[in-house]
Amino acid sequence: MAGGLFLSFEGIDGAGKSTQARRLAATLEAEGRNVLLTREPGGSPGAEAIRRLLVEGEPGRWSGETETLLFTAARRDHLERTIGPALAAGRIVICDRFADSTRVYQGAARGDLRGLVDRLHAEVIGVEPDLTLIIDMDPRLALGRGLARASGEDRFEHMGAGFQSRLRDGFRALAGEFPNRCRLIDGARPEPEVAAEVLALVRPRLA
Ligand code: TYD
């Protein structure tokens, strides 16, 4: 999959990562770069179908193990059909969530499933982004924003503030675990300020 640049955005629900992913894509496109903006769970027709199973319904609908399998299945399809071909064509892929979300949401916050998450990742995914931008924010602030959207896709947001707090800790720990790949960004600032920091981190990676 050489040639392109693979960027991911991560963070708790409502931290503003989707907005930042869109802004970055628009900025790079305006410079004439070939950008693919995509998201997980989803990003290919098969993965979008799996997404609906995951984000809708009761918080207790799936066990952590089943969830891990579904997210990994969606990621495999997304990688085969969307991300892999785009990177092979030399494009800049900006992915709103990737494997770090599974490491944190399923691996750490819902029970200790990190071993299962890592084994599945090694077996069927095996790819990491070149750079991961983790938008960090106080969950109380972020949760207000997230539920305010009332999209019907709020299964994880309804798991509550304690859950969101464990997620934040999980993402911060990941930044320490993968210091070369992950950057922690303070999301509790005006949007343009966060965007400027994101761009400054991405710039050196551009050909
Ligand atoms: P997302 O569409 O990013 O929601 P939002 O835009 O509200 O942040 O993701 C949907 C939910 O799925 C979100 O709560 C995070 C969760 N999720 C996981 O639990 N594991 C994963 O591997 C991924 C990609 C997402």
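When reading the values below, keep in mind they use all heavy atoms of this one structure, side chains included, and skip hydrogens, waters and symmetry mates. Start at 1 and go down the list; that is how both ligands and their atoms are numbered.
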**Prompt:** Is NZ or CZ of R166 both nearer than 6.0 Å to the six-membered ring centre of F163 and within 45° of the ring axis?
**Reply:** no
Ligand 1 versus [X]: contacting region, heavy-atom distance under 4.0 Å:
X: R103; result: neither
X: E67; result: neither
X: T102; result: both
X: R39; result: neither

**Asked** Hey, what else clusters with L133 if you join Ile, Leu, Val, Met, Phe, Trp, Tyr whenever side-chain heavy atoms sit under 4.5 Å?
**Response** L5, L7, F9, L24, L28, V35, L37, I92, I94, L131, I135, I185, V194, V198, L199, L201, V202, L206
**Request:** Give me the other members of the hydrophobic cluster that L116 sits in, counting Ile, Leu, Val, Met, Phe, Trp and Tyr linked by side-chain heavy atoms under 4.5 Å, directly or via other members.
**Result:** L69, L120
**Donor-acceptor contact below 3.5 Å, side chain R91 vs main chain A86** = no
**Asked** Between E10 and F98, is there a donor-acceptor pair closer than 3.5 Å when you use the side chain of the first and the backbone of the second?
**Response** yes
Numbered atoms and elements of ligand 1 in range of [X], under 4.0 angstrom, heavy atoms:
X: R51; result: 2 (O)
X: P41; result: 9 (O), 24 (C), 25 (C)
X: Q106; result: 18 (C), 19 (O), 20 (N), 21 (C), 22 (O)
X: V55; result: 10 (C)
X: R75; result: 22 (O), 24 (C)
X: K17; result: 3 (O), 6 (O), 8 (O)

How about [X] and [Y]: do any of their side-chain heavy atoms sit closer than 4.5 Å?
X: D100; Y: I134; answer: no
X: N34; Y: E29; answer: no
X: E40; Y: S101; answer: no

**Request:** Look at atom 25 (C) of ligand 1 and find which of Y105, F163, F71 reaches it with the closest heavy atom.
**Result:** F71
**Fill in**
atom 24 (C) of ligand 1: of A74, G11, S101, A15, the nearest heavy atom sits on S101
